[in-house]
Amino acid sequence: MGDAMVQVVGGALVDSLERPTRLLVARRTAPPSLAGMWEFPGGKVESGESAEQALHRELLEELGVSVVLGAEVRGPIAQGWALNDRAAMRVWFAEVARGRPAPLEDHDELRWVSLDGDDVERLPWIPADFPIVAALRGHLARTA
Ligand SMILES: Nc1nc2c([nH]c(=O)n2[C@H]2C[C@H](O)[C@@H](COP(=O)(O)OP(=O)(O)OP(=O)(O)O)O2)c(=O)[nH]1
């Protein structure tokens, strides 16, 4: 896995970084192969940007919110979590600092899902996201 991997960043928006009880999930509209699947809002890091800058930019573009970033949900590789053979994603917890999330771009629905029980895992996520969702819940269980 070298520099050729596209770096994607995603936000695990929770209602409160201090006491997270709900996660914001977003349903993609494109491409057709991913439309209808749930994901972490975010996107590709552009040249000249840090991963964190890219995440702030994407969340503002896609959801219309400014956020405070919390801990990273670390994956098994430096680039985070492999999504496919071309891209990997780093994911951070985040809390809305300004604005109210709305599906402005790339999504047709946003949903705040309870982190209690298995509602989150039951959603039809992009398949590559399931290990990230599991790690996120593990992280929350350890820090609760
Ligand atoms: N944002 C996001 N992308 C994900 C997730 N899981 C996953 O496999 N992906 C894939 C889908 C895409 O192939 C890629 C991210 O691309 P994107 O289309 O969201 O990026 P972008 O907003 O910068 O889009 P563009 O400028 O290339 O149109 O990563 C996820 O949870 N969130």
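Note that the coordinates shown come from a computational prediction; the quantities given were computed from them, not determined experimentally. Counting starts at 1 for both ligands and their atoms, in listed order. Count residues from 1 along the sequence. Values below: every heavy atom of this structure, side chains too, minus hydrogens, waters and symmetry copies.
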Side chain to side chain, Leu69 and His56, heavy atoms closer than 4.5 Å: yes

Residue pair Val14 / Leu115: nearest heavy atoms and the distance that separates them: CG1-CD1, 4.2 Å

Linked, directly or transitively: Leu17 and Leu23 (ILVMFWY side chains, under 4.5 Å): yes

Under 3.5 Å side-chain donor-acceptor pair for Thr21 and Asp15: yes

Check: Phe40 ring centroid to Trp125 ring centroid under 6.0 Å: yes

Val9 side chain near Trp92 side chain, heavy-atom distance below 4.5 Å: yes

Atom-level proximity to ligand 1, residues with heavy atom under 4.0 Å: Val8, Arg28, Leu34, Glu39, Phe40, Gly42, Gly43, Lys44, Glu58, Glu62, Leu83, Met89, Asp106, Ile126, Asp129

